[in-house]
Colleague: 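Sharing a structure, written as C-alpha cells. Questions coming.
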Amino acid sequence: MIYTIDRITTLINAERYGEADARIGFILTDSRSLCFPEETLFFALKSDRNDGHRYIPELYRRGVRNFAVEVLPDSSSSYTDANFLKVADTLKALQMLAKKHRETFHIPIIGITGSNGKTMVKEWLYQLLMPERFVTRSPRSYNSQIGVPLSVWLLNENTQIGLFEAGISRPKEMDALREIIRPTIGVLTTIGTAHQENFASIEEKCREKLRLFRHAQTIVYCTDNALTARLISEESLEGEPIAWSTKDENAQLYVSRIEKQAEHTTVSYRYKNHIEGQYTLPFIDDASVENSITCTAVALYLGIAPAALAKRMAHLEPVAMRLEVKEGQHGCTLINDSYNSDIHSLDIALDFMNRRPDHKGRKRTLILSDIEQTGRKPADLYREVSHLAAKRRVEKFIGIGRQLCAHADSIGITDKCFFPDCESFIHSEAFDKLRNEVILIKGARRFGFDRLTDLLVKKVHETTLEVNLNALVENLNYYRSFMKPETKLVCMIKANGYGTGAVEIAKTLQDHRVDYLAVAVADEGVTLRNNGITSSIMIMNPEMTAFKTMFDYELEPEVYSFRLLDALIKAARKEGIAGYPVHIKLDTGMHRLGFDPQQDIEKLIDVFKHQNALIPRSVFSHFVGSDSNDFDDFSRHQFVLFDEASRKIQSAFPHKILRHIDNSAGIEHFPERQLDMCRLGIGLYGVNPRSNAIIHNVCTLKTTILQLRIVKAHETIGYSRRGTVERDSLIAAIPIGYADGLNRRLGNRHGYCLVNGKKADYIGNICMDVAMIDVTGIDCKEGDAVEIFGDRLPVTVLSDALSTIPYEVLTGISNRVKRVYFQD
C-alpha cells in the first residue's frame with residue numbers, strides 16, 4: 001500500500017523539513033537492506049550499539065529521499081530534495097505508523113505468542129488457510145519491537161487474514177506490540193524457559209505474554225498446562241476461550257486420541273461437543289503434534305471444514321526456519337531456502353544473499369519455483385519478482401514450474417532459463433554448467449528442490465558440524481547486554497572460529513558491526529580478507545615472516561616484546577609505511593607473552609616516540625582467572641598493574657589508545673573493568689566460562705548410523721578387544737573417529753552420544769574414521785541421526801568427561817567435517 005509523505009507526517013505527528021513530493025511503499029530500518037530507494041522511508045533508529053542517523057549520507061547517495069529522524073543532519077540544507085520527519089523517538093514513530101496502518105483493516109488478525117512453537121504455528125496456519133484466503137504473515141521470526149511493525153506494514157488491500165508473531169525478552173514490552181497487532185484471535189503456544197533471563201519467573205513471563213490478548217475476541221490455548229489455564233482465568237481476558245485438551249472431555253477442543261506410527265501421527269478430536277474429526281500429520285515428534293492441535297483449534301474456529309482440514313494437514317510441510325549456507329559442487333556456494341516460495345520470504349532470502357561479501361567475482365544466481373496461491377495475476381507477480389531480483393543484483397535466473405515458463409517474458413534478467421519441473425532442469429545443460437556461482441535455491445518442496453540441493457551440494461563426509469548463526473548473534477547480544485553502550489568489542493575467531501569456520505562467523509559478526517575481529521596468525525586474516533571481510537582484524541601471534549602480508553592485507557598485529565617491535569618498525573620503514581596500528585600486550589600475571597608493566601613501560605614509550613612507522617592503537621592484558629571467584633584477589637592485582645601501566649601509555653600520546661582487559665568471563669564478572677573495549681571469546685560460541693553452562697548453543701556435531709549388528713554376550717568390539725559386552729547387544733557403527741576430532745578417551749564407555757534422544761555409550765576403542773556405540777534398547781535404524789554434541793547434549797558434557805575445557809573439543813573438530821551454517 002502507498003502513503004503520501006504528507007499522510008505519514010500526520011500519522012506519526014512529525015515536524016517536517018523539506019517539501020518534496022513522495023509516495024512511500026517501503027519502510028527501512030537497516031541500511032544494508034535497501035532495495036527501492038525512491039519509495040522508501042528510512043527510520044533512523046537508535047540503540048545502545050548503533051545510531052541509524054550515521055547512515056543518512058550513504059542512503060542519500062543511494063537514492064533515498066525520505067527520513068524519519070530524531071536529530072536533523074548537520075548539513076541538512078545540502079539535502080535539497082529530501083524530506084526529514086523529525087520525531088522525539090524514531091522507534092515509537094515506526095510503531096505508531098504500523099499501528100495506524102493496522103487500524104485501516106477490519107479483518108481477522110491472529111496474534112501468536114509463547115516461548116516455543118510460534119513460528120511453526122504461524123507457518124502451518126498459513127499453509128492451512130492459504131487455499132481459501134489471502135494471508136499476510138510475519139516474515140520468518142519478525143516478532144520483536146522492530147520486527148512486528150515491519151510485519152504489520154505488509155498488510156495490503158488483498159489481505160483477508162493477518163498472521164503475526166509477538167516475542168518479548170523483558171517486562172513491559174508486550175503493550176507496544178499489542179497496540180500494533182491488535183489481534184482479534186490470540187494464540188498462546190508453549191510457555192518454557194526461552195528468553196527467561198529478564199523475568200523473575202515463568203509465571204511473570206506468561207502474564208506478560210498474555211497482555212497481547214487483552215482485547216482479543218478469541219483466545220486459543222492448551223488448558224492441560226495448569227499454569228496457563230490458571231493465569232488466563234486470573235487475567236479476566238475479554239475473549240472467548242478456545243481451550244484444547246487431551247484430558248478434559250468438556251474442553252472446546254477435546255483430543256480423544258493420538259496414535260503415532262513410524263512416520264505419521266493420527267489425531268482424533270471433538271470440537272464444541274458436536275463436530276467430530278480426524279487428521280493424519282506427517283510428523284511424529286511431540287512438539288509438532290501439539291502445534292498441529294493449536295492450528296486445528298484456530299482453523300475450526302475460522303470455519304475450515306474437518307474434511308478440508310484433514311486433507312491439508314496430511315500435506316503440511318516442515319518449517320525450515322533457517323537459511324542454510326553450504327559448499328556446493330564446482331566452486332559454488334549454496335544458500336538453501338527450499339521450504340516455500342512467497343514474495344516476502346523471497347525478498348528476505350535475496351537480501352541475505354546480496355549482503356554476503358564475496359570477493360571471488362562469482363555470479364549471483366536465483367533458482368526459483370512457481371509462487372503459488374498468491375491471489376495475484378501471475379504477470380504482475382513475476383514482474384515484481386524480476387524487479388526484486390534485479391535490485392538485489394541477481395545476474396542469472398532459473399525458473400522452475402509451468403507458471404514461470406508461461407511468464408518468462410516477465411523476468412527481465414538477461415541470463416535466464418525456464419523448466420517445467422525440477423527433473424527437466426537436473427537433466428539439462430544449464431544444470432551441468434553451474435560453476436563458481438553463489439546460488440539461492442528458493443522454492444516449495446513439492447517441486448522436488450530437496451533433490452536439487454542434494455545434487456548440488458559438495459559430497460563430503462557424512463559427519464557434519466551445524467553452526468547456528470542466530471545463536472551466535474544471541475550470544476553476542478547476551479554479552480553486549482552487560483556492556484556499556486560506548487564500550488567497543490573484539491570478537492575472537494582464531495583457530496578457524498574455535499572450530500566453527502572463521503569465514504562465515506566473521507561475515508555474521510561484520511554484519512552485526514562488531515568493532516574488531518581477532519585471529520591468531522596472518523594467514524587466518526588473509527583468508528578473511530579474501531572472503532570479503534573488511535572489518536578491522538587483530539593478529540594475536542604475528543610471525544616475523546608475515547610482516548609484509550599483514551601490511552598488504554591491513555592486518556593489525558599485537559606487539560609483546562622489544563625484539564618483535566624493532567623488527568616490525570624496520571619492516572614498516574622498508575615498505576614506506578607510517579602510522580601503522582599495533583596493539584601492545586602487557587604481561588600482568590599470565591606469564592605467557594607481553595611487556596613487563598613495571599619495568600618496560602618507559603622504554604616502550606620512548607621507542608614509539610622516536611619512530612613514526614607504527615602507532616599504538618590499543619594496550620591490553622589477560623585476566624588469568626576471571627572465570628572463578630577464587631582468583632578475584634589476583635585479578636584485582638592484575639588490574640591495578642594494568643591500569644597504572646596503560647594510563648602511562650595513554651597519557652604519553654595525543655591520540656586515543658584503547659584499553660582492554662575483560663574477556664568473556666570478565667565482561668560478566670568485572671563490569672567495572674570494561675574500559676574502552678572487551679574481548680569476547682568462548683562466550684560467543686555459547687559456553688559461559690564462569691558456570692560452564694550453555695547460553696545459546698551454536699554448534700551441533702552430527703553423524704549417522706552406518707550399520708547395525710547383533711553382538712552376542714561376551715564378544716568383544718573394536719581394536720585390541722577392549723570393549724566386551726555382557727549381554728546380547730545391538731551395536732551401531734557411526735562414521736566419525738579420532739581423525740574427525742572424536743577423542744579416543746571417550747571410548748570404552750567413558751562417554752556417550754545421543755541416538756533419537758537416548759544415551760548410547762561409545763564401546764570399544766574409537767577408530768580413526770569409525771566409532772561403535774551401544775544402542776541396545778534404543779529404537780533406531782540405519783541412517784538415523786546421531787548427536788555427538790549439540791542442543792540436547794552440551795559440548796561441556798564431553799569436555800567434563802575428558803577433564804578438559806570446551807575450547808579443546810571445539811577446536812579439535814577436523815576440517816574434513818563438513819560445516820553447515822544456518823540462520824532464522
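On a predicted model such as this, the values are computed, not experimentally measured, just so you know.
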Colleague: Passes ring pair (Phe, Tyr, Trp, His ring centres under 6.0 Å), Trp124 versus Phe283? Steps please.
Modeller: CA-CA 13 Å; Trp124 279 358; Phe283 306 98; 5.3 Å; yes
Colleague: Give the ring-plane orientation class for Tyr498 versus Tyr807, where under 30° counts as parallel, over 60° as perpendicular and anything between as tilted.
Modeller: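 Because their plane-to-plane angle lies in the 30° to 60° range, the rings of Tyr498 and Tyr807 count as tilted.
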Colleague: Of the non-hydrogen atoms in Pro282 and Leu316, which two are nearest, and what is the gap between them?
Modeller: CG-O, 3.5 Å
Colleague: Does the distance from a Lys or Arg side-chain N to an Asp or Glu carboxylate O, for Arg402 and Asp370, drop under 4.0 Å?
Modeller: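 Salt bridge between Arg402 and Asp370, a charged N being under 4.0 Å from a carboxylate O: no.
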Colleague: Got Ile493 and Val519 here, is their nearest side-chain heavy-atom distance under 4.5 Å?
Modeller: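 With C-beta onward as the side chain, the pair touches.
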Colleague: Report yes or no: does Glu38 contribute a side-chain atom to a donor-acceptor pair with the main-chain N or O of Gly63 at less than 3.5 Å?
Modeller: no
Colleague: Output the distance between atom CD1 (Ile734) and atom OG1 (Thr463), rounded to the nearest 0.5 Å.
Modeller: 7.5 Å
Colleague: Would Leu388 and Val394 count as a side chain to side chain contact (heavy atoms under 4.5 Å, CB included) if you check the C-alpha gap in whole Å, the side-chain angles of each, and the deciding distance to 0.1 Å?
Modeller: CA-CA 9 Å; Leu388 280 175; Val394 170; over 6 Å; no
Colleague: Using distance alone, with no hydrogens and no angle criterion, decide if Asn530 and Thr527 have a side-chain donor and acceptor under 3.5 Å apart.
Modeller: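 Side chains of Asn530 and Thr527: no pair found under 3.5 Å.
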Colleague: Would a distance-only check, ignoring hydrogens and angles, find a side-chain to backbone donor-acceptor pair under 3.5 Å from Thr464 to Glu466?
Modeller: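 Judged by distance alone, no pair lies under 3.5 Å.
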Colleague: With sequence neighbours left out, what residues match Ser386 under side-chain contact (heavy atoms from CB on, under 4.5 Å)?
Modeller: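 side-chain contact (heavy atoms from CB on, under 4.5 Å) check on Ser386 returns Ile411.
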Colleague: Drop me the distance from Asp347's CG to Lys442's NZ, to the nearest 0.5 angstrom.
Modeller: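 Answer for the CG-NZ pair, Asp347 versus Lys442, is 10.5 Å.
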Colleague: Find the distance between CG (Leu346) and CG (Leu366) and round it off to the nearest 0.5 Å.
Modeller: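 If we round to the nearest 0.5 Å, Leu346:CG and Leu366:CG are 6.0 Å apart.
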Colleague: The criterion is ring-ring contact (aromatic ring centres under 6.0 Å, His included); which residues satisfy it with His387, sequence neighbours excluded?
Modeller: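 Once residues adjacent in sequence are excluded, the partners of His387 under the ring-ring contact (aromatic ring centres under 6.0 Å, His included) criterion are Phe36.
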Colleague: Tell me if a side-chain donor or acceptor on Arg62 pairs with a main-chain N or O of Ser31 at a distance below 3.5 Å.
Modeller: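 Yes, because the side chain of Arg62 sits within donor-acceptor range (under 3.5 Å) of the backbone of Ser31.
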Colleague: Does Leu125 offer a backbone N or O that forms a donor-acceptor pair with the side chain of Arg137 under 3.5 Å?
Modeller: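 No: the side chain of Arg137 does not pair with the backbone of Leu125.
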Colleague: For residues Thr365 and Glu437, is any side-chain donor paired with an opposing acceptor at under 3.5 Å?
Modeller: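 There is such a pair (donor and acceptor under 3.5 Å, judged by atom type) between the side chains of Thr365 and Glu437.
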Colleague: Could you state the interatomic distance from CG (Leu455) to CD1 (Ile426), rounded to the nearest 0.5 Å?
Modeller: 5.0 Å
Colleague: Run the salt-bridge test on Asp769 and Arg816 with the 4.0 Å N-O cut-off and return the result as yes or no.
Modeller: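 A salt bridge links Asp769 with Arg816.
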Colleague: What distance separates Leu469 CG from Thr508 OG1, expressed to the nearest 0.5 Å?
Modeller: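 Answer rounded to 0.5 Å: 4.0 Å.
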Colleague: I'd like to check Leu517 versus Ile505 (side-chain heavy atoms, cut-off strictly below 4.5 Å). Are they in contact?
Modeller: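 Leu517 does not reach Ile505 side chain to side chain.
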Colleague: Given 3.5 Å as the limit, does a donor-acceptor pair link the side chain of Thr189 with the main chain of Asn116, or not?
Modeller: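 Yes, Thr189 side chain to Asn116 backbone: donor-acceptor pair under 3.5 Å.
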Colleague: Does Ser288 reach the main-chain N or O of Ile284 with its side chain, forming a donor-acceptor pair under 3.5 Å?
Modeller: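 No; zero donor-acceptor contacts below 3.5 Å.
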Colleague: Under the rule for ring-ring contact (aromatic ring centres under 6.0 Å, His included), what residues qualify as partners of Tyr479, not counting sequence neighbours?
Modeller: none
Colleague: Quick check: does any side chain N or O of Asn354 sit under 3.5 Å from a backbone N or O of Leu350, one acting as donor and the other as acceptor?
Modeller: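 No, the answer is negative, given that no donor and acceptor are paired below the 3.5 Å cut-off.
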Colleague: Is there a donor in the side chain of Asp784 and an acceptor in the side chain of Asn756, or the other way round, less than 3.5 Å apart?
Modeller: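 Looking only at side-chain atoms, Asn756 and Asp784 do form a donor-acceptor pair, the distance falling under 3.5 Å.
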Colleague: Would you confirm whether Lys416, through its side chain, and Ala408, through its main-chain N or O, come within 3.5 Å as a donor-acceptor pair?
Modeller: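 Yes.
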Colleague: How far apart are the C-alpha atoms of Arg392 and Met353, what are their side-chain angles, what is the distance that settles it, and do they pass the side chain to side chain contact (heavy atoms under 4.5 Å, CB included) test?
Modeller: CA-CA 8 Å; Arg392 302 295 190 194; Met353 177 169 68; over 6 Å; no
Colleague: Do Leu452 and Phe447 pass the side chain to side chain contact (heavy atoms under 4.5 Å, CB included) test, and can you show the C-alpha distance, the side-chain angles, and the key distance before you say yes or no?
Modeller: CA-CA 9 Å; Leu452 176 61; Phe447 285 89; over 6 Å; no
Colleague: Could you check Phe449 against Ile367 for side chain to side chain contact (heavy atoms under 4.5 Å, CB included), going step by step and ending with a plain yes or no?
Modeller: CA-CA 10 Å; Phe449 273 30; Ile367 302 177; 4.2 Å; yes
Colleague: For Ser814 and Ala739, indicate whether the former's side chain and the latter's backbone hold a donor-acceptor pair under 3.5 Å.
Modeller: yes
Colleague: For residues Asn496 and Glu524, report the shortest heavy-atom separation together with the two atoms involved.
Modeller: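 That would be N-OE2, 3.5 Å.
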Colleague: Closer than 4.0 angstrom, basic N to acidic O: yes or no for Arg819 and Glu327?
Modeller: no
Colleague: Provide the closest heavy-atom pair for Ser536 versus Tyr516 in the form atom of the first, atom of the second, distance.
Modeller: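 Closest pair (atom of Ser536, atom of Tyr516, distance): CB-CE2, 3.3 Å.
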Colleague: Kindly give the heavy-atom pair with the smallest separation between Met492 and Tyr685, and that separation in Å.
Modeller: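 Of all heavy-atom pairs spanning Met492 and Tyr685, the closest is O-OH, 2.8 Å.
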Colleague: Donor-acceptor pair, distance only, cut-off 3.5 Å: does the side chain of Arg480 make one with the backbone of Leu489?
Modeller: no
Colleague: Nearest 0.5 Å, please: how far is CD1 in Ile27 from CD1 in Ile146?
Modeller: 13.0 Å
